[in-house]
Number of protein chains: 4
Amino acid sequence: MGIDFLPDKPIYQQLIDRITGAIIRGTLQPGEKLPSVREYAVEAGVNANTMQRVYKELEQMEITETRRGQGSFVTGDEARIAMLRDEMKEQLVTSFLQNVEAFGFTTAEIVEHLQKRGDKR
Amino acid sequence: MGIDFLPDKPIYQQLIDRITGAIIRGTLQPGEKLPSVREYAVEAGVNANTMQRVYKELEQMEITETRRGQGSFVTGDEARIAMLRDEMKEQLVTSFLQNVEAFGFTTAEIVEHLQKRGDKR
Amino acid sequence: MGIDFLPDKPIYQQLIDRITGAIIRGTLQPGEKLPSVREYAVEAGVNANTMQRVYKELEQMEITETRRGQGSFVTGDEARIAMLRDEMKEQLVTSFLQNVEAFGFTTAEIVEHLQKRGDKR
Amino acid sequence: MGIDFLPDKPIYQQLIDRITGAIIRGTLQPGEKLPSVREYAVEAGVNANTMQRVYKELEQMEITETRRGQGSFVTGDEARIAMLRDEMKEQLVTSFLQNVEAFGFTTAEIVEHLQKRGDKR
DNA sequence: GTGGTCTAGACCACT
DNA sequence: GTGGTCTAGACCACG
């Protein structure tokens with residue numbers, strides 16, 4: 001109980017990423033109920049307001065739905081989830097490539113390094 | 001005049017990255033003199049305090065040296081630069097892989113996407 | 001079975017509006033019996049407590065009467081219904097005009113838009 | 001000093017509407033600087049966090065831009081503002097018509113009432 | 001018991 | 001001095 005958060009990224013952002021990841025991965029299924037704000041807050045070891053903000057942003061991203069008095073649910077719209085997956089991948093790769101270029105590496109060089117590292121796991 | 005900065009990364013950090021990149025790439029040669037704080041601040045369109053901080057941090061990373069009354073210079077220590085290059089690459093790839101895993105993508109899938117994107121430019 | 005509710009207005013309020021509308025429109029006649037709380041709750045797909053609250057508020061507005069053991073009935077007082085109709089219209093228009101002004105639109109501009117939209121249906 | 005807020009609408013929402021209205025109306029010009037979060041909070045008589053939330057949502061709506069350490073500014077993109085104006089009008093009219101129909105009034109009847117009221121001002 | 005709003009106040013990052 | 005994050009805790013609206 002209690003999640004380890006990185007120091008240089010907002011906690012609420014890390015929580016959003018974590019939940020988004022679980023949905024993309026299928027750990028959280030379409031239509032599945034999320035823990036209540038308060039439950040999750042305790043589990044993650046953060047303040048309930050922080051968790052509330054997380055859920056609110058997830059809803060604005062249209063990847064969860066909130067039903068008053070009933071809780072939050074993963075969207076049932078599987079196409080939306082598939083789209084989200086692509087968006088995340090795109091975004092991940094784009095910002096990575098921006099950095100790669102900013103530092104003057106070639107894509108080939110990086111991919112090589114990447115595969116070496118990826119294989120070891 | 002004026003650099004385009006990304007909105008969600010500190011400006012001073014982006015400037016550090018930019019200069020570091022130029023050194024790694026060789027655009028800035030070992031021992032070469034950097035522009036003065038004021039010059040560079042004007043050129044980049046940022047506050048002089050911000051630029052001052054950038055130079056200070058570069059010096060702490062030991063990739064530039066400040067000679068009193070003469071300005072800042074890229075370190076002449078080429079081994080240090082080569083090391084820096086490797087550090088940056090390592091760090092870039094590591095944090096990327098962390099994200100890739102966090103979101104449940106496979107390295108293979110990402111590399112494929114990466115190559116598609118990298119080729120087009 | 002099951003009514004589509006707007007997400008940002010209380011369900012009980014939407015139900016009150018819906019029944020009030022039916023009475024104003026004459027779909028529900030003066031003196032006519034309303035469905036039982038349970039029946040209507042099932043039909044609308046809401047919690048019975050919610051429906052209970054709806055009926056209670058309708059009675060407080062004096063547009064329905066509850067006869068013990070027999071159920072709820074639309075008031076027989078037709079003058080009351082006519083008055084209700086005017087009240088609703090007044091209230092609707094007033095709050096609309098408040099918004100129109102708050103956002104700096106002119107009444108003429110809005111009416112024009114309104115007629116365009118109203119005609120198409 | 002201190003704004004009068006309606007009791008049945010979130011304060012932060014009313015503040016968003018108020019600022020949006022000022023922008024649409026031109027009271028706040030494109031590119032103009034908004035008061036700082038703290039200043040406005042004092043002026044409106046609300047907590048600084050509430051105001052912060054308001055500014056954040058305005059930014060998400062892309063009608064203001066935040067520059068770190070410098071404050072918030074109305075977007076300079078006039079097309080965006082024009083679009084916003086249309087969106088607001090559309091939304092206002094749509095929700096109004098929904099209510100009109102829900103209560104069984106005809107558009108003609110309402111427009112007539114609206115013009116009578118609008119003329120008196 | 002659920003989510004939503006608001007306040008109060010601390011502390012940090014950035015320019 | 002600016003915006004951004006986080007905590008703590010109260011109170012309300014809803015089902």
Side-chain angles (χ1 to χ4, degrees), chain A residues 5-16 33-41 44-59 64-73, chain B residues 5 7-16 41 44-54 57, chain C residues 5 7-15 41 44-54 57, chain D residues 5 7-16 33-41 44-59 64-73:
Chain A
F5 295 104
L6 304 174
D8 51 308
K9 208 179 182 180
I11 290 179
Y12 79 91
Q13 193 49 263
Q14 296 182 53
L15 286 165
I16 290 173
K33 185 178 183 308
L34 296 170
S36 81
V37 167
R38 289 157 169 88
E39 256 181 317
Y40 206 155
V46 301
N47 184 280
N49 286 339
T50 302
M51 210 60 224
Q52 170 97 9
R53 176 175 184 180
V54 169
Y55 275 31
K56 184 170 185 189
E57 300 225 357
L58 287 170
E59 201 184 356
T64 65
E65 295 165 7
T66 268
R67 300 180 204 146
R68 269 176 310 202
Q70 300 186 42
S72 284
F73 299 78
Chain B
F5 295 104
D8 48 305
K9 207 179 183 179
I11 289 180
Y12 80 88
Q13 193 51 262
Q14 296 182 53
L15 286 165
I16 291 173
V46 303
N47 187 296
N49 290 333
T50 304
M51 209 61 224
Q52 179 68 44
R53 176 172 183 180
V54 168
E57 300 222 1
Chain C
F5 295 103
D8 48 306
K9 207 178 181 181
I11 290 181
Y12 81 88
Q13 192 51 260
Q14 296 182 53
L15 286 165
V46 302
N47 187 296
N49 289 333
T50 304
M51 210 61 225
Q52 179 68 43
R53 175 171 184 180
V54 169
E57 299 222 1
Chain D
F5 295 104
D8 50 307
K9 208 178 183 180
I11 289 179
Y12 79 91
Q13 194 48 263
Q14 297 181 52
L15 286 165
I16 291 173
K33 185 177 183 307
L34 296 170
S36 82
V37 167
R38 290 158 170 88
E39 258 182 317
Y40 206 155
V46 302
N47 184 280
N49 286 339
T50 303
M51 209 61 223
Q52 169 99 9
R53 176 175 182 180
V54 169
Y55 275 32
K56 185 172 183 188
E57 300 224 358
L58 288 169
E59 200 183 356
T64 65
E65 294 167 6
T66 267
R67 298 179 206 149
R68 271 177 309 201
Q70 300 185 41
S72 285
F73 299 77

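Chain letters run A, B, ... following the sequence lines, proteins first and then strands; every chain starts at 1. Since this is a predicted model, take the numbers as computed values, not measurements.
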A.B. asks: Side-chain contact test, heavy atoms from C-beta onward, threshold under 4.5 Å: evaluate it for A/Y55 versus A/P35 and give yes or no.
C.D. replies: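 When only atoms from C-beta onward are counted, A/P35 and A/Y55 do touch, with a gap below 4.5 Å.
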A.B. asks: In the structure I gave you, are the side-chain heavy atoms of A/E65 and C/P7 within less than 4.5 Å of one another anywhere?
C.D. replies: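 Contact flag for A/E65/C/P7 side chains = no.
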A.B. asks: Check whether the side chain of A/R38 and the base of E/dG3 form a donor-acceptor pair under 3.5 Å.
C.D. replies: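 Yes.
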A.B. asks: If you only use heavy atoms from C-beta on, which nucleotide in E/dG3, F/dT2, E/dT15 is closest to the side chain of A/T66?
C.D. replies: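 That would be E/dG3.
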A.B. asks: Using whole Å, report how far CD1 of A/I11 lies from P of E/dC11.
C.D. replies: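 Taking CD1 of A/I11 and P of E/dC11, I get 16 Å after rounding.
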A.B. asks: A side-chain contact here means heavy atoms from C-beta on lying under 4.5 Å apart; do A/L15 and A/F5 qualify?
C.D. replies: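 In short, these two side chains touch, coming nearer than 4.5 Å.
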A.B. asks: At under 4.0 Å between heavy atoms, what does B/T50 touch on the DNA or RNA strands: base, sugar-phosphate, or nothing?
C.D. replies: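 Touches sugar-phosphate only.
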A.B. asks: Please report, rounded to the nearest Å, how far the P atom of E/dC14 is from the CZ atom of B/F5.
C.D. replies: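 So the CZ-P distance, B/F5 to E/dC14, works out to 13 Å.
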A.B. asks: Would you classify A/N47 as touching base, sugar-phosphate or nothing, given that sugar-phosphate means primed atoms plus P, OP1 and OP2, and contacts are heavy atoms under 4.0 Å?
C.D. replies: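 Here A/N47 touches the bases of the nucleic acid.
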A.B. asks: Supply the atom-to-atom distance D/N47 CG to D/R38 CZ, rounded to the nearest 0.5 angstrom.
C.D. replies: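 Rounded to the nearest 0.5 Å, the CG-CZ separation comes out at 11.0 Å.
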A.B. asks: Mapping D/V46 and B/Q13 to their closest nucleotides on DNA chain E, which lands nearer the 5' end?
C.D. replies: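 Here D/V46 is the residue nearer the 5' end.
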A.B. asks: When you measure from the side-chain N and O atoms of C/Y12 to the phosphate of F/dC14, is any distance below 4.0 Å, counting only OP1 and OP2?
C.D. replies: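 Answer is yes, contact under 4.0 Å.
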A.B. asks: Of the candidate nucleotides E/dG3, F/dG3, F/dG15, which contains the atom at the shortest distance from the side chain of D/V37?
C.D. replies: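 Selected nucleotide (nearest to the side chain): F/dG3.
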A.B. asks: Compare side-chain N and O positions of D/Q52 against OP1 and OP2 of F/dG3 and report whether any pair is under 4.0 Å apart.
C.D. replies: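 So the side chain of D/Q52 is outside the cut-off, no N or O lying under 4.0 Å from OP1 or OP2 of F/dG3.
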A.B. asks: For F/dG1, what is the paired nucleotide under Watson-Crick or G-U wobble rules, both distances under 3.5 Å?
C.D. replies: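 Because both required distances fall under 3.5 Å, F/dG1 counts as paired with E/dC14.
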A.B. asks: Answer yes or no: is there a donor N or O on one side and an acceptor on the other, between the side chain of D/Q52 and the main chain of D/V37, under 3.5 Å?
C.D. replies: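 Answer holds: no.
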A.B. asks: Evaluate the side-chain proximity of A/T50 to A/R53: yes if any heavy-atom separation is below 4.5 Å, no if none is.
C.D. replies: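 Side chain of A/R53 against side chain of A/T50, heavy atoms only: no contact under 4.5 Å found.
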A.B. asks: In whole Å, what is the span from the CG atom of D/L15 to the P atom of E/dC6?
C.D. replies: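 Distance, rounded to whole Å: 9 Å.
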A.B. asks: NZ of D/K56 versus P of E/dC6: gap in Å, rounded?
C.D. replies: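 Rounded to the whole Å, the gap is 16 Å.
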A.B. asks: Check whether any side-chain N or O of D/R53 sits under 4.0 Å from OP1 or OP2 of E/dT5, and answer yes or no.
C.D. replies: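 For E/dT5, OP1 or OP2 has a side-chain N or O of D/R53 closer than 4.0 Å.
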A.B. asks: What is the distance from CG of A/D8 to C1' of F/dG4, rounded to the nearest Å?
C.D. replies: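 Distance, rounded to whole Å: 15 Å.
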A.B. asks: Name the residue closer to the 5' end of DNA chain F, choosing between A/P10 and C/P10 according to the nucleotide with the nearest heavy atom.
C.D. replies: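 Taking each residue's closest nucleotide, the earlier one in sequence belongs to A/P10.
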A.B. asks: Under 4.0 Å, counting only non-hydrogen atoms across every strand here, what does D/R67 touch: a base, just sugar-phosphate, or nothing?
C.D. replies: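 Nothing, no nucleic acid heavy atom in range.
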A.B. asks: When the distance from CG of B/N49 to P of F/dT2 is rounded to whole Å, what number comes out?
C.D. replies: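 Atom-to-atom, B/N49 to F/dT2, this comes out as 16 Å.
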A.B. asks: Atom OH of A/Y55 and atom P of E/dG4: how far apart are they, to the nearest Å?
C.D. replies: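 From A/Y55 OH to E/dG4 P: 11 Å.
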A.B. asks: Under 3.5 Å for both donor-acceptor distances, Watson-Crick or wobble: does F/dT7 have a partner, and if so which one?
C.D. replies: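 Checking every strand shown, F/dT7 finds its partner in E/dA8, with both distances under 3.5 Å.
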A.B. asks: Whole-Å distance between F/dT7 P and A/M51 CE?
C.D. replies: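 One finds 11 Å between P of F/dT7 and CE of A/M51, rounded.
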